[in-house]
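Residues take their numbers from the sequence shown, with the count starting at 1. Only heavy atoms go into these numbers, but all of them, side chains included; no hydrogens, no water, no symmetry mates.
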Amino acid sequence: MIPEQPNHVVSTIENLPAESISVSPTVLQRMKKVFNRELLLSIALGQVLSLLICGISLTSKYLSVDFQANTPLFQGFLNYILLFLVYTTTLAVRQGEENLLAILKRRWWKYLILGITDIEANYMAVKAYQYTTLASIQLLGCFVIPVVIILSWFCLLIRYKAVHFIGVVVCILGVFCMTGADVLMERQQGMETNKKVIGDVLMLARVALYGIGNVCEEYIVRNLSRVEFLGMIGLFGSFFSGIQLAIMEHKELLRVPWDWQIGLLYVGSCACMFGLYSFAPVVIKKTSATAVILSLLTADLYVIFCGLLLFHYKFSGLYLLSFFTILVGLVLYFSTSTYVAQDPRVYKQFRNPSGPIVDLPASGQLEPSVTYTSLGQETEEEPHVRVA
């Protein structure tokens with residue numbers, strides 16, 4: 001009797017379940033995963049802010065060069081008045097804890113410091129242009145990036161990944177290209193050494209104040225409200241900038257040869273500045289203060305591109321290289337999410353997902369442990385931490 005042979009079943013690719021077949025993604029699929037809608041939206045929002053700054057720079061240049069109207073404090077004062085009329089009055093008619101008086105009782109001194117910080121940061125930026133070269137301003141302006149990153153790390157508990165730092169370095173390389181183009185195109189003017197030192201010190205002070213203001217703005221719009229931030233800035237900004245205007249710029253304002261063209265330029269400058277202040281908190285809440293700072297690096301390039309037509313600037317291919325280098329840096333930065341670590345145990349588990357799970361206490365209300373703060377799409381390798 002012949003023994004029965006065991007049946008051997010050979011599994012082929014046809015009879016395997018579809019979910020067990022892993023197909024490596026194509027190049028097109030990888031690009032679609034990186035250049036997703038959220039990443040493109042993040043970059044586009046930042047470029048809108050850069051274009052608004054470009055509008056402010058162009059109108060200010062026309063006022064100062066063509067009409068000898070050097071009045072940066074007055075332009076800022078008009079913006080603060082508009083913020084006061086729109087947002088401070090909105091707070092005044094609200095009821096309860098969001099009322100203007102209730103906010104002033106709890107946090108008036110904080111907004112007073114923030115308002116003065118914002119005024120002086122803008123004023124120092126304008127004064128620095130009068131003392132130092134454009135190259136120094138562009139290079140020293142990059143120091144605001146580490147200031148915001150350090151403050152965000154320690155004050156907002158934002159944690160970055162390696163790709164974020166790579167994106168920052170690429171963006172700074174783009175600024176170096178732009179500065180090199182300015183030097184080659186002879187857009188730099190010779191400055192006396194002592195005046196240049198004054199301008200550099202003013203720019204560094206402006207960088208510190210601007211970084212502090214942006215991190216404070218991110219905290220307020222995330223934890224309180226955008227209307228409260230803008231209303232308080234309008235209140236204290238209009239008051240203190242009005243005093244500074246009366247002391248330091250009243251003579252210059254009296255010498256302005258007023259006509260409809262100058263009035264139109266002031267309206268355009270005020271509209272761009274009001275749009276920048278109103279829209280910036282929206283972008284900061286969607287992304288972060290660091291992301292906004294990186295996005296604004298293209299503002300000078302937009303001014304240069306417009307200046308090619310309006311002021312007959314000389315063109316250099318380094319400007320295009322700088323622009324696309326900064327965009328590549330932005331893509332790298334927005335390609336993955338930053339996160340906020342509030343519980344050190346969860347933060348440690350997040351960094352080492354294969355390690356042991358730490359049991360958190362069941363009693364008491366738990367604060368969110370990990371919160372993604374940018375619009376970048378989460379990758380599959382990143383652990384999903386459920387917020388209690």
Side-chain angles (χ1 to χ4, degrees), residues 49 52 56 72-124 148 151-152 154-158 206 208-250 253 266-267 269-289 292 340 342 365 367-368 371 373:
L49 297 180
L52 289 172
I56 297 170
L73 284 175
F74 180 64
Q75 290 171 250
F77 176 71
L78 292 177
N79 172 58
Y80 290 126
I81 288 294
L82 199 54
L83 290 175
F84 176 86
L85 294 175
V86 175
Y87 295 105
T88 310
T89 53
T90 301
L91 292 176
V93 298
R94 284 183 173 181
Q95 303 295 325
E97 295 296 318
E98 296 183 349
N99 180 262
L100 176 62
L101 295 179
I103 294 172
L104 287 174
K105 287 180 181 178
R106 297 194 304 270
R107 296 184 284 271
W108 67 270
W109 64 272
K110 298 178 182 179
Y111 285 116
L112 184 147
I113 297 174
L114 187 58
I116 295 176
T117 299
D118 188 73
I119 295 169
E120 299 309 319
N122 294 330
Y123 181 70
M124 287 179 182
V148 172
L151 290 176
S152 298
F154 289 104
C155 300
L156 303 181
L157 300 179
I158 293 178
R206 183 257 183 187
L209 294 178
Y210 189 62
I212 293 171
N214 274 265
V215 173
C216 291
E217 181 176 356
E218 180 175 356
Y219 176 84
I220 293 170
V221 298
R222 289 190 185 280
N223 296 279
L224 299 172
S225 76
R226 164 180 167 269
V227 175
E228 177 176 332
F229 170 77
L230 294 174
M232 293 295 101
I233 287 293
L235 176 63
F236 290 103
S238 58
F239 178 76
F240 287 105
S241 67
I243 295 175
Q244 192 170 357
L245 170 65
I247 296 173
M248 305 180 66
E249 210 173 77
H250 65 281
L253 193 58
Y266 275 116
V267 170
S269 174
C270 186
C272 290
M273 203 173 294
F274 178 77
L276 176 66
Y277 271 72
S278 298
F279 192 53
V282 177
V283 183
I284 287 178
K285 188 174 183 179
K286 290 290 184 182
T287 58
S288 66
V292 169
V340 176
Q342 294 181 347
Q365 186 177 1
E367 294 183 352
T371 305
T373 59

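For the residue pair Leu114 and Cys216, the shortest heavy atom distance occurs at CD1-CB, 3.9 Å. Minimum interatomic distance between Ala121 and Leu209 (heavy atoms only, all atoms of both residues): CB-CB, 3.9 Å. Residues Arg106 and Glu97 approach most closely at NH1-OE1, 2.6 Å, considering heavy atoms. Shortest non-hydrogen contact noted between Gly231 and Leu91 is CA-CD1, 3.9 Å. Taking every heavy atom of both residues into account, Ile56 and Ser269 meet most closely at CG1-O, 4.2 Å. Counting all heavy atoms, side chain and backbone alike, Ala102 lies closest to Gly96 at CB-O, 3.7 Å.
Within the 4.5 Å cutoff, the side chain of Phe229 has heavy atoms near those of the Pro281 side chain. Put simply, the side chain of Leu73 reaches to within 4.5 Å of the side chain of Tyr123, judged on heavy atoms. Counting heavy atoms from C-beta on, the side chains of Val340 and Leu156 never come closer than 4.5 Å. Tyr277 has its side chain within reach of Tyr80: a pair of non-hydrogen atoms, C-beta onward, lies under 4.5 Å apart. Put simply, the side chain of Leu235 reaches to within 4.5 Å of the side chain of Leu104, judged on heavy atoms. Counting heavy atoms from C-beta outward, Phe236 and Ile119 have side chains that stay 4.5 Å or more apart. Considering only heavy atoms from C-beta on, Phe77 stays 4.5 Å or farther from Gln244 through its side chain. A 4.5 Å side-chain heavy-atom check between Glu120 and Thr117 finds every atom pair outside the cut-off.
Partner of Glu218 under the side-chain contact (heavy atoms from CB on, under 4.5 Å) criterion, out of Val292, Ile158, Leu151: Ile158 alone.
Rounded to the nearest 0.5 angstrom, Asp118 CG and Ile113 CD1 are separated by 14.0 Å. The line from CG of Leu78 to OG of Ser238 is 11.5 Å long, rounded to the nearest 0.5 Å. Put simply, CD on Glu217 and CD1 on Ile233 are 8.0 Å apart, with the number rounded to the nearest 0.5 Å. With values rounded to the nearest 0.5 angstrom, Ile103 atom CD1 is found 8.0 Å from Leu224 atom CG. Rounding to the nearest 0.5 Å gives a distance of 6.0 Å between CZ of Phe240 and CD1 of Ile243. Between the NZ atom in Lys110 and the CE atom in Met232 there is a gap of 13.5 Å [rounded to 0.5 Å].
No more than 12 heavy atoms of other residues, nucleotides or ligands lie within 6.0 Å of CZ in Phe239, so this atom counts as exposed by the packing criterion. Counting non-hydrogen atoms of other residues, nucleotides and ligands closer than 6.0 Å to OH of Tyr219 gives a total of 12 or fewer.
Without hydrogens or angle criteria, Asn99 side chain to Ala92 main chain gives a donor-acceptor distance under 3.5 Å. Between the Arg94 side chain and the Leu100 main chain, no donor and acceptor come within less than 3.5 Å of each other.
Taking the six-membered ring for Trp, Tyr266 and Phe74 have ring centres closer than 6.0 Å.
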What do the steps show when you test Phe154 against Val215 for side chain to side chain contact (heavy atoms under 4.5 Å, CB included), and what is the final call? CA-CA 11 Å; Phe154 289 104; Val215 173; over 6 Å; no
From CA spacing to verdict: side chain to side chain contact (heavy atoms under 4.5 Å, CB included), Thr88, Leu83: CA-CA 7 Å; Thr88 310; Leu83 290 175; 5.9 Å; no
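A cation-pi arrangement is present between Arg206 and Tyr210, with the terminal nitrogen or guanidinium carbon under 6.0 Å from the aromatic centre and inside a 45° cone about the axis.
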